[in-house]
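All residue numbers refer to positions in the sequence shown, counting from 1.
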Amino acid sequence: MTQLTLTPAATRFIGRMLRFSGQPADAGFRLDVTPGGCSGLNAAFTVEAKPGAGESVLDVAGVRLFLTAGSRLLLEGATVDFADTPTQSGLTFVLPNQTPCGCSSSGADAHGHGHAGAPAPGVATVAISAIKRH
């Protein structure tokens, strides 16, 4: 089973997303992480009524996460945080054993996937603009 930690800030953010989504009370937060981008990860998230085919349900800190097999592998041992500062707003992933990259791009790409240059070793970010509505 995937070992994943949510900080209190990430738990509050995800909880608010779930509460205000209009989805049923047992809805989950789909976090889709793929390799790529400057920091080594691209990520997008949605609130869904139920998990998709092949997705696992992971209960962390009182919230339900829906993760694909690839996302589970990429997030193994990660700490998910939420930052809301004048320069950054979104989920931040602190990944074990990841080295920083040398570029400094930020924001979302044409597909709505957030990415950023690693602000610190092993940190990747997904912006709030990566939210997709279904």
List the atom of Gly28, the atom of Leu18, and the distance in Å for their closest heavy-atom pair.
C-CD2, 3.5 Å

If you measure from OG1 on Thr46 to CG on Asp32, what distance do you get to the nearest 0.5 Å?
8.5 Å

Over all atoms of both residues, closest heavy-atom pair of Arg72 and Ser56
NH1-OG, 2.8 Å

Which pair of non-hydrogen atoms, one from Ala10 and one from Val80, has the smallest distance, and what is that distance?
CB-O, 3.3 Å

Spacing of Lys50 atom NZ and Glu55 atom CD [to the nearest 0.5 Å]:
12.0 Å

Hey, mind stepping through Thr5 and Val60 against side-chain contact (heavy atoms from CB on, under 4.5 Å) and telling me if it holds?
CA-CA 7 Å; Thr5 303; Val60 180; over 6 Å; no

Hey, what do you get for CZ (Arg30) to CG (Leu67), rounding to the nearest 0.5 Å?
10.0 Å

Reported CD-to-CZ distance for the pair Glu48 and Arg64, which is rounded to 0.5 angstrom:
12.0 Å

Restricting to side chain to side chain contact (heavy atoms under 4.5 Å, CB included), what partner residues turn up for Arg16, sequence neighbours left out?
Arg12, Phe13, Arg19, Phe20

State the CG-CG distance between Leu58 and Leu4, to the nearest 0.5 angstrom.
6.0 Å

So do Thr34 and Thr68 actually touch side chain to side chain, heavy atoms under 4.5 Å?
no

Side chains of Thr92 and Phe82: closer than 4.5 Å at any heavy-atom pair?
no

Run the side-chain contact (heavy atoms from CB on, under 4.5 Å) check on Phe29 and Val63 step by step: do they pass?
CA-CA 8 Å; Phe29 190 80; Val63 297; over 6 Å; no

